[in-house]
Amino acid sequence: MYDIIIIGGGPAGLSAGIYASRLGKKTLLLEKLTPGGQITLSSEIENYPGVCEVKSGLELMQCWPKQAQKFGCEIKSEEAIKITPKENFFIINTHKNEYTSKATIIATGSTPKRAGFEGEEEFIGRGVSYCAVCDGFFYKDKVVAVIGGGDTALEEALYLSQIAKKVYLIHRRDKFRAAPITQKRVFATKNIEIIFNAKAKKVIGKEFVEGLLIERDNKEEILKVDGVFVFVGMKVNNELVKDLVELNSFGEVKVNLKMETSLKGLYAAGDIREDSVKQVVAAAGDGATAAINAVKFIEKEEE
Ligand code: FAD
Ligand code: NAP
């Protein structure tokens with residue numbers, strides 16, 4: 001029996017792993033991919049306190065699993081598929097194993113949403129991408145389209161503008177929702193052409209993307225592009241807990257200031273929880289808060 005099982009190895013889960021294991025608890029972290037979380041998709045992060053030089057998300061997260069393991073946190077590459085609450089413990093199933101814990105922290109974050117144009121799924125890996133830092137290199141001196149109007153779309157458009165010859169930034173409204181400082185940088189970048197009030201309709205191409213059909217002012221046009229990067233928000237990964245705890249209307253897990261969910265012994269941290277500001281620093285803070293309170297919970301139960 002583990003004291004604490006953490007599901008998800010992004011900033012929230014890894015921070016929880018560092019705190020829980022350093023507080024002397026037998027801790028297991030389950031991560032279905034490589035630890036690091038969605039920030040590893042980002043080409044740069046410049047707002048994580050104490051890290052002054054611009055780093056990629058991958059670089060920022062490199063040390064976090066090692067730091068957790070240093071204090072004894074076990075990290076396994078397994079996807080949690082079921083949480084079963086019992087009287088005073090949890091059963092957690094993966095495809096390979098069954099584990100038990102006295103407390104559980106869910107930190108499964110979110111995943112990129114699809115924009116919904118024709119050919120989007122079909123051309124993934126053949127010109128349609130959700131990760132500029134992973135795939136941007138392939139578009140050196142080429143033309144790409146970026147879809148979206150939030151922080152991610154604008155930041156990644158800026159990143160791609162340094163690699164590609166030209167970036168079309170396509171947004172469905174006439175106002176971005178990204179931070180003003182990022183908008184200012186985008187407006188000042190010569191090889192980014194902004195297309196407002198437009199919708200991506202269809203990928204043009206045989207084997208690889210050769211163009212994108214868009215609709216603007218009720219007129220259709222084809223942009224000749226070599227790649228399409230989609231950044232239209234994230235889907236909350238709440239599948240494991242959606243029938244166990246209270247959620248808000250966005251599907252985010254409701255928590256109190258201790259990161260306690262409506263189910264005793266189950267904590268939520270990071271992007272998955274209600275009112276998260278969806279930042280690495282906040283996710284890390286949530287992970288620490290959840291772990292410290294889970295430890296207190298276990299010790300109180302054992303008194
Ligand atoms: P995530 O990072 O999403 O991690 C969740 C982890 O859980 C993932 O590794 C996933 O594989 C794993 N998982 C999911 N389901 C299971 C399961 N069933 N079993 C096991 N593992 C599972 N924030 C900033 O502060 N600054 C930035 O500059 C910034 N830039 C960003 C750029 C991009 C492109 C993106 C996408 C996000 C950016 N963010 C930024 C936001 C930041 O990445 C998130 O707020 C943060 O990563 C949330 O951390 P998390 O641990 O809650 O979730
Ligand atoms: P987001 O803020 O939800 O923005 C999604 C964008 O995609 C919006 O502009 C939205 O349009 C558009 N969109 C949604 N569905 C669409 C569709 N089907 N077709 C076309 N466009 C569509 O998502 P995000 O940019 O990924 O950011 C997620 C969170 O992480 C945010 O809280 C953000 O602040 C944070 N983040 C922070 C940083 C940073 O601090 N540096 C960096 C990245 C992300 P509308 O505007 O019309 O809704």
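All values reported here derive from a predicted model rather than from experimental measurement. Just so you know, ligand 1 is whichever comes first in the structure, and atom 1 is the first atom listed for that ligand. Numbers for residues simply follow the sequence, beginning at 1.
Of all protein heavy atoms, the one closest to atom 7 (O) of ligand 1 is Gly8 CA, 3.2 Å. Protein heavy atom at the shortest distance from atom 41 (C) of ligand 1 is Lys278 O, 3.6 Å. Val280 CG2, 3.9 Å is the protein heavy atom nearest to atom 42 (C) of ligand 1. Protein heavy atom at the shortest distance from atom 24 (C) of ligand 1 is Gln279 OE1, 3.4 Å. The protein non-hydrogen atom at the shortest distance from atom 26 (O) of ligand 2 is Thr152 OG1, 2.9 Å. Atom 3 (O) of ligand 1 has Gln38 NE2, 2.9 Å as its closest protein atom, hydrogens excluded (heavy atom only). At the shortest separation from atom 44 (C) of ligand 1 among protein heavy atoms lies Asp271 OD2, 3.5 Å. Closest to atom 12 (C) of ligand 1 among all protein heavy atoms lies Glu31 OE1, 3.1 Å. Atom 3 (O) of ligand 2 has as its closest protein heavy atom Gly233 CA, 4.0 Å. Closest protein heavy atom to atom 53 (O) of ligand 1: Gly109 CA, 3.3 Å.
Counting only N and O atoms by type, the side chains of Ser276 and Asp286 include no donor and acceptor under 3.5 Å apart. Under the 3.5 Å distance criterion, with hydrogens and angles disregarded, no donor-acceptor pair is assigned to the side chains of Thr108 and Asn237. Side chains of Tyr48 and Gln279: a donor-acceptor N/O pair is absent below 3.5 angstrom, by distance only.
Taking a cutoff of 4.0 Å between a charged side-chain nitrogen and a carboxylate oxygen, Glu79 and Lys96 do not qualify as a salt bridge. Ionic pairing of Lys201 and Glu220 is present here: one or more N-O contacts between side-chain nitrogen and carboxylate oxygen are shorter than 4.0 angstrom. The existence of a salt bridge linking Arg216 and Glu221 is confirmed by a sub-4.0 Å separation between a basic side-chain nitrogen and an acidic carboxylate oxygen. Glu246 and Lys242 are not joined by a salt bridge, as no carboxylate oxygen comes within less than 4.0 angstrom of a charged side-chain nitrogen. A salt bridge between Arg185 and Glu46 is present, with a side-chain N of the basic residue lying under 4.0 Å from a carboxylate O of the acidic one. Contact check on Glu302 versus Lys102 returns a salt bridge, with a Lys/Arg side-chain nitrogen under 4.0 Å from an Asp/Glu carboxylate oxygen. Remark: Lys25 engages Glu299 in a salt bridge, criterion side-chain N to carboxylate O under 4.0 Å.
Among Ala80, Pro112, Ala153, the residue whose heavy atom lies closest to atom 19 (N) of ligand 1 is Ala80. Taking all heavy atoms of Pro11, Ala107, Gly37, Ala284 into account, the minimum distance to atom 5 (C) of ligand 1 is reached by Ala107. With atom 2 (O) of ligand 2 as the reference point, the heavy atom nearest to it among Gln279, Arg114, Lys278, Arg177 is part of Arg177. Selection from Asp151, Val232, Ile147, Leu41 by nearest heavy atom to atom 34 (O) of ligand 2 gives Asp151. Looking at Ile7, Leu60, Ile39 and measuring to atom 29 (C) of ligand 1, the nearest heavy atom belongs to Ile39.
Counting the atoms of ligand 1 from 1 in the order shown, those under 4.0 Å from a heavy atom of Leu33 are 11 (O). Numbered from 1 in the order shown, with element, the atoms of ligand 1 that lie under 4.0 Å from a heavy atom of Leu240 read 18 (N). Listed by atom number, the atoms of ligand 2 under 4.0 Å from Glu155 heavy atoms are 38 (C), 39 (C), 41 (N), 42 (C). Every atom of ligand 1 with a heavy atom of Gly270 under 4.0 Å away is listed here by number and element: 52 (O). Each of the following atoms of ligand 1 lies closer than 4.0 Å to a heavy atom of Ala12: 51 (O), 52 (O). Against a heavy-atom cut-off of under 4.0 Å, Thr152 is close to the following atoms of ligand 1: 33 (C), 34 (C). Near Gly149, meaning under 4.0 Å from one of its heavy atoms, ligand 2 places the atoms 6 (C), 7 (O), 8 (C), 9 (O). Applying the 4.0 Å criterion to heavy atoms of Asn47 picks out, from ligand 2, the atoms 39 (C), 40 (O), 41 (N). Residue-ligand proximity, Ser110 to ligand 1, at heavy-atom distances under 4.0 Å covers atoms 3 (O). Near Gly9, the atoms of ligand 1 lying under 4.0 angstrom from a non-hydrogen atom of the residue are 6 (C), 7 (O).
Remark: ligand 1 and Thr34 share no N or O pair separated by less than 3.5 Å (distance only, no angle test). Considering backbone and side-chain N/O atoms, Lys175 never comes within less than 3.5 Å of an N/O atom of ligand 2. Between Ala153 and ligand 2, a contact under 3.5 Å exists for no N or O pair. For a threshold of 3.5 Å applied to N or O pairs, the pair formed by Ala115 and ligand 2 contains at least one separation below that value. Here's the thing with Glu79: none of its N/O atoms is less than 3.5 angstrom from an N/O atom of ligand 1. Looking at ligand 1, you won't find any N or O of Met234 less than 3.5 Å from one of its N or O atoms. For Asn237, no nitrogen or oxygen atom sits less than 3.5 Å from a nitrogen or oxygen atom of ligand 1, counting backbone and side chain alike. Looking at ligand 1, you'll find an N or O of Asn47 within less than 3.5 Å of one of its N or O atoms.
When the shell of 6.0 Å around NZ of Lys235 is examined, it contains more than 12 heavy atoms from other residues, nucleotides or ligands.
The shortest heavy-atom contact between Asn191 and Ser161 is ND2-O, 2.8 Å. Minimum interatomic distance between Ala157 and Leu169 (heavy atoms only, all atoms of both residues): CB-CD1, 4.3 Å. Listed here is the closest heavy atom pair of Val133 and Thr40: CG1-O, 3.7 Å. Among all heavy-atom pairs drawn from Ala291 and Ile4, the shortest one is O-CD1, 4.4 Å.
Under the rule for a side-chain contact (heavy atoms from CB on, under 4.5 Å), the partners of Asn97 that lie at least two apart in sequence or sit in another chain are Glu78, Thr94, Tyr99.
A donor-acceptor contact shorter than 3.5 Å links the side chain of Asp3 to the backbone of Lys26. Side-chain atoms of Asp271 do not come within 3.5 Å of backbone N or O of Ala283 as any donor-acceptor pair. When atom types are taken as modelled, the side chain of Glu120 and the backbone of Gly116 share a donor-acceptor pair closer than 3.5 angstrom.
Contacts between His171 and ligand 2, counted as non-hydrogen atom pairs separated by less than 4.0 Å, involve the side chain only. Neither the backbone nor the side chain of Lys199 comes within 4.0 Å of ligand 2, counting heavy atoms alone. Looking at Ile45 against ligand 2, nothing comes within 4.0 Å, counting heavy atoms.
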Residues Lys278, Glu252; criterion salt bridge (charged side-chain N to carboxylate O under 4.0 Å, His left out); working and verdict: CA-CA 12 Å; Lys278 298 191 172 58; Glu252 296 159 342; 3.1 Å; yes
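Contact annotation for atom 44 (C) of ligand 2: protein present (non-hydrogen atoms, distance under 4.0 Å).
Ligand 1 has Glu78 within reach: a non-hydrogen atom of the residue lies less than 4.0 Å from it. Taking a 4.0 Å cut-off on heavy atoms, Gly116 fails to register as neighbouring ligand 2.
Between Phe196 and Phe176, the gap from one ring centroid to the other is short of 6.0 Å. Aromatic rings from Tyr19 and Phe71 are positioned such that their centres are separated by 6.0 Å or more.
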